[in-house]
Every structure is written in C-alpha cells, then in structure tokens.
2 protein chains.
Amino acid sequence: MSIETRHLRCFLAVADTLHFGRAAEQLHLAQPAVSRTVRQLEREVGTELLTRSTRSVALTAAGEEYAARARAVLDQVGLAGEAARNIAEGRSGVLRLGVTGAATYGYLPDLARVAAAAIPDVRLHVETEMLTPQQEQALVEDRLDLGVLRSPVGSPDVDHVVLRPERLVVALPESHPLAAGGPDTVVDVADLADEDFVTYADRSGSVVLRAVLAACAEAGFVPRRPHQVTATATAVALVAAGRGVSLLPETASALTLSGVTFRPTTTGQQLDLALAWPAGRRRPVVTRLLEALHEAGLAPRVPQDRPGPRHTPTTTPQEASA
Amino acid sequence: MSIETRHLRCFLAVADTLHFGRAAEQLHLAQPAVSRTVRQLEREVGTELLTRSTRSVALTAAGEEYAARARAVLDQVGLAGEAARNIAEGRSGVLRLGVTGAATYGYLPDLARVAAAAIPDVRLHVETEMLTPQQEQALVEDRLDLGVLRSPVGSPDVDHVVLRPERLVVALPESHPLAAGGPDTVVDVADLADEDFVTYADRSGSVVLRAVLAACAEAGFVPRRPHQVTATATAVALVAAGRGVSLLPETASALTLSGVTFRPTTTGQQLDLALAWPAGRRRPVVTRLLEALHEAGLAPRVPQDRPGPRHTPTTTPQEASA
DNA sequence: GTGCACTCATGCCCTAGAAGAATCAATCGT
DNA sequence: ACGATTGATTCTTCTAGGGCATGAGTGCAC
C-alpha cells in the first residue's frame, strides 16, 4: 500500500484539531477510521507523527514538519488542477507561434500586445522567419499552435483566416533617385529593371519571392538578384547599405532602418497575410487570442474550430513546459 | 470522490509510456483499471489530460502541465516522509536551546560547532540569559529541547548531566591593584570586601547570584551591590568601565572585553554547568547532539532517555517550523 | 482513593468501489 | 478488405476502507 491524499487529509484534520473524534466529524467519518488511517500513514512514513495519550494528542516534531509539507502537497494538487483547467480553457499556457519574415515587424508586436492583455498567463514561444510551407507542416505536426503566414495555404489539415491583403512595397536606399518624391510617390516596378535586387533565397516555397518574381515578370523583366537573404532584417540592412533595392510586403516597412525608404509600387501582385492553425485541434488559447485580436480590430471574426480530420498525433506531442 | 495519489501515479505512467497497456503492466494492473482511473482523474480535474484515439495516446497541453505538477507532488510526498524521518531520527530539525548567562560565551560556541558538524541539517533556536528555573520550566512545558544551565536541577521531570564543576572567578578592571599580578594570581575574596560589586539582579533563582553571595558570606562580608544586571555581557562591560568588580563563573571569562581582567579566587563555592532535557521525552536530535558532544570531549557519556513520567503535553505543542 | 467521564485503539462485519476477464469498437497497415 | 492493435465498456469478483460495538488507559472530581 502507499500514501494516498486520503491519508494526508485525515492526518491534517487530526493535526488541526488535535482530537481524533473532532477530526472524524470534520471529515464525515467515524473516529476509528481516522485512527486507522493515521496509523497507516505513520507506518508508511516510517515514524510517529502524533503523540497519543488516550486523553490528548500532540504533534511530534516530525509530525509538525510532515503536516506543513502535507498541506503544501494538497495545495499543489489543487493548483495543478487549476493550472490544467486554465490551459484547457485558454487562460494560460505556452502558445507556440510561427511568424513569416516581414510579419515579424508589422504584425507580431500588435499580436503580442493583445495576447498579453487578453490572456493573463500566456507565454509566447515565437519562431520567426518561418516560410509558409514550413509553418503549415509545423502546424500539422503539432510543433506550432498558431502561424502568421501568407496564403495560399496548401494543407487541408490547416485552417486559416486572411488578415489583410498586402501590396508589395519597394525598399530603396535614401539616396536613390526614385526615393526623391514624397512617401506616397508610387514607384513603377518597370523602373526597377536595372537595379540590383535583394530577395529572399531560393528556398522552397517563399510566397513573397514568388510574388516579387511575378511582379517583375509583369513589368517585363527578370530581376538581377546578386544578394539573397533568409531574414527580412538582412534584406533591409543590405538596402540601407546601398547594395540594391528590395520588394517586400507592406508589413516589412515597419522595420525602419536609417538609410532606407519605403515606397508603394504599381504592381498588382497581392499577398495575403493570414493566421493559421491545425484544423480540428485549435488550442483554446489560440481561440481566445483570435477573439481578442478580433475585438482589437486586428483580425476578422473567426468561427468555431471545425471538427476537422482529428489527425492522430503521430510523432512528437507538445513539448513539456520547461 | 477526490484525487488520490493512485490517480496521479496512474496518469503519470500513461503520460510516460503514452500507452495504456504498457502503463498497466508497469503499474502491475490490468489495462481497464488504468483506463478508468485516468478517466476519473480527468473528471475530477475537470478537463481532458490525454488525447486518445484508439490507436495512440498523446498529452494535451493541460496534460503536460498536469503531469509536471503531478510528478512534483509525488516527489514532495516522498520528501515529506524523508524529512519527517530525518527529524524523528535526529538528523535534522529545530533544536530549541536555552543557555544561562555565562555559558553563552564559554560553552555555547563549542556546542554550536559540534552540533553543526554532527547534525547536517540542524537549526538552533537559542534563547540566552535564561536562569536555571526558567529553563527547567520551559523544558517541562516543551518550550525548550535542551538547556545549558547550572545544577541543582529541582524538577523531577527534568533530567540532566553535569558538564564540569566551575569555580567563581573575579572580573577586575585592568587598572585595579589586585589585577597587578600574573593571570594565575589567586585573589582572596576577603580582599574584595570594600569593592562595589556588579551582580545579577535579584530575580528569583539565579544560581550564580546565590553562589556569589555565599562566597562573600564565607569571606565574612556582605557585598555592596550598586549595579545589578540581567545579562552577563553587561556585567563585564560595567567592570570594564571601572564601576566595580564582579564574581562570575569561569565560562564568563571567555568574554574578553578590553579593560577587564579575570582572576581565580579563593572561594570554595562551586557551580556545576549542566545540560538538561525533559525526562522521558528527550528529542532524538538532542540525543544525537549529546553523543556528538561526548565524542568531542565536551560532555560526559549520557545514557538512554529513561521512560520518565511521560507527561501529557498539556498546553503548547512544539511550535510549527516556520 | 475511588469512580466517572473522556478519548483513542481494536475486533468484527459489511459494503462500496477498485481490479480483473471478456468483449466491443475504432483505426491503421498490409 | 481484413487482421492486428489498442482503448473503452460491461459484468463479475474481491479487496479494503468504513461503521459499530467495545476495550483500555488517563485525567479529573469529589
């Protein structure tokens, strides 16, 4: 046999009242049951916790210590349940978030602010510079809870909601002739034909890269791409250094580096910033965040999670909270 | 019904193996029992902890959190038992110690050193300047575990062992004529007849005061006592300030203050420094300390605690460990 | 000092509920 | 499509936790 919380509750009742009968009453038990249960506990612990002398009861020094710890244990059991419920109902917990390059600067700060305000006890685990397909896979494999990515979303096991249509803007060195006009001066993509381009690297599936190449093709040229980067900040830094120009989603213009100016462009290419989650097993904390974002005007209304494919978690479950 | 450690162990086994059958095996139970117990736990906690899909099992986020906390709870239950056993076997715990005035300086430091060395996890709660009868009463009433006091011990409910016979020494201002000789020069008590004496106050039962008065009577005079103090250090300080002389137990001479010299005296009065504990309920930590003191040559051999009067703890039990 | 009242322990019995066995249902892989 | 695997369900069995009656020890009253 081993120690059950029943034993602890019983012992604590006696420790509080210093009276078996009174303790029994308090526990809605008969006195002999209390006697036996406490004795079992002592036997299990391996030492006397109470000094009984048919007329009175006192705690031994060991019993004092044990009582304090037993109380802590019962508290912890209660708190554990509360913590679990909080997580289950989205009031706390780790939210594993993936973010594409540009959205890190134009959307993540707002999201983080809303999350902190709406969910008292949320901890964000953010992975940035994740391409859309990477995020999709991570969502399906339960390595992410929520992705900030660009549609189109391919996987049927990932649900998403479009946040806003985005145009491509051009990042120009401040000294560039095309940056001469006011901030609203629209730059014709065709005028960039002779520029060096800073683009994302040819990793598989960058939605932005595809849009950039399409915009250039639309304007009738294939961009020269001497500089290829994997992080948005690097692209902007290279532009600031005068190494070329870069077509980026609007959100990237939040990343203001001295020496860089952003201008709207003529391209019809459109990028959709979106939030995505695993279909059918959207975490409550995600649902709560989506609602908060909606209320803050940072996301559209999002319906209940559809039952979805209930994909059996195959490999890695959620990582343990450290 | 409420949550028992049985539920936690069951759940943790499943959380570890992610397999009900395997968990059952590990727990020496049949699979259905595990199923039911985990379900009970979930019902009790109020939320799903596991995602089951007949082919596989995974923890929910709430389950991850709960598992971590449940593990902590079981650990704590184990540690609580260990802590209790340690206290019961005298390897740790609070030792409430009373010390008479002079012994604070001549014996307590040694005792504290030995205690720290012999008992890994002991905490001393020391009350100093306690007169012998005060200590006796505190021992009987379970407000002290061990007293450093002076025999004779009156109460039959207090056992004691004499540490050493002590002579009275005289504390003299450095400039005093009697302090002229070497440190071994014996001072005749009769020569102090015309001095101002610094003595303990006339509180009831100071063994030292009684011995001092007896020594003076022996030498044929009644001391003039313009200064009465309640703390040994104060007495020595007053002597240092040249306000008088003081007869003190040898142990007090460990309290070297500049301006004070100690000299042996001719008096036959004897004081016994002793260790005392409540008869019949000597705490294990005390027993252990007594043994250690014996091994260090700081106390005589002390026998097992006699069964004693097994005095029912009437009023205050041991104070809770803070 | 004797008796009474109080309180914790013990023995016996009973039943609630925990565990086992057999079976079902769902899902994945071949 | 079928078999293998695995968790859930049902029914039965039996353990052990709880109640009742009682005993034993102790302090208190008179």
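Throughout, a chain's letter reflects where its sequence line sits, starting with A, and its residues are numbered from 1.
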Rounded interatomic separation in angstrom, taking [atom1] from [X] and [atom2] from [N]:
{"X": "A/Phe20", "N": "D/dC20", "atom1": "CZ", "atom2": "P", "value": "19 Å"}
{"X": "A/Leu50", "N": "C/dC8", "atom1": "CG", "atom2": "C1'", "value": "11 Å"}
{"X": "B/Leu29", "N": "D/dG7", "atom1": "CG", "atom2": "P", "value": "15 Å"}
{"X": "A/Gln40", "N": "D/dA16", "atom1": "CD", "atom2": "P", "value": "10 Å"}
{"X": "A/Gln31", "N": "D/dG23", "atom1": "CD", "atom2": "C1'", "value": "12 Å"}
{"X": "A/Arg43", "N": "C/dT10", "atom1": "CZ", "atom2": "P", "value": "12 Å"}
{"X": "B/His19", "N": "D/dA4", "atom1": "NE2", "atom2": "C1'", "value": "12 Å"}
{"X": "A/Glu25", "N": "D/dG18", "atom1": "CD", "atom2": "P", "value": "17 Å"}

Tell me, do B/His294 and B/Val302 make a side-chain contact under 4.5 Å, heavy atoms counted? no
Any Lys/Arg nitrogen of [X] or [Y] sitting under 4.0 Å from an Asp/Glu carboxylate oxygen of the other?
{"X": "B/Glu4", "Y": "B/Arg9", "answer": "no"}
{"X": "A/Asp16", "Y": "A/Arg22", "answer": "no"}
{"X": "B/Arg96", "Y": "B/Asp142", "answer": "yes"}

Proximal nucleotide (of C/dG20, D/dT9, C/dT7) relative to the B/Ser35 side chain: D/dT9
Among D/dA8, D/dG19, C/dC8, which is the nearest nucleotide to the side chain of B/Arg39? D/dA8
Axial bend angle, the helix from C/dG1-D/dC30 to C/dT30-D/dA1: five-pair end segments, nearest 10°: 30°
Tell me yes or no: between the side chains of A/Arg150 and A/Thr132, is some donor less than 3.5 Å from an acceptor? no
So what does A/His28 touch, heavy atoms closer than 4.0 Å: a base, only the sugar-phosphate, or nothing? sugar-phosphate
Under 4.0 Å between any heavy atoms, over every strand shown, what does A/Arg36 touch: base, sugar-phosphate, or nothing? Just pick one. base
Verdict with reasoning, B/Gln40 to B/Glu44, per side-chain hydrogen bond (donor to acceptor under 3.5 Å, both in side chains): CA-CA 6 Å; B/Gln40 274 182 13; B/Glu44 203 66 22; over 6 Å; no
Between A/Pro120 and A/Arg91, which heavy-atom pair has the shortest distance, and what is it? CD-O, 3.5 Å
Between A/Arg52 and D/dT26, does any side-chain N or O lie under 4.0 Å from OP1 or OP2? no
Please tell me which of B/Pro32 and A/His7 maps to the more 5' nucleotide of DNA chain D, matching each residue to the nucleotide holding its nearest heavy atom. B/Pro32
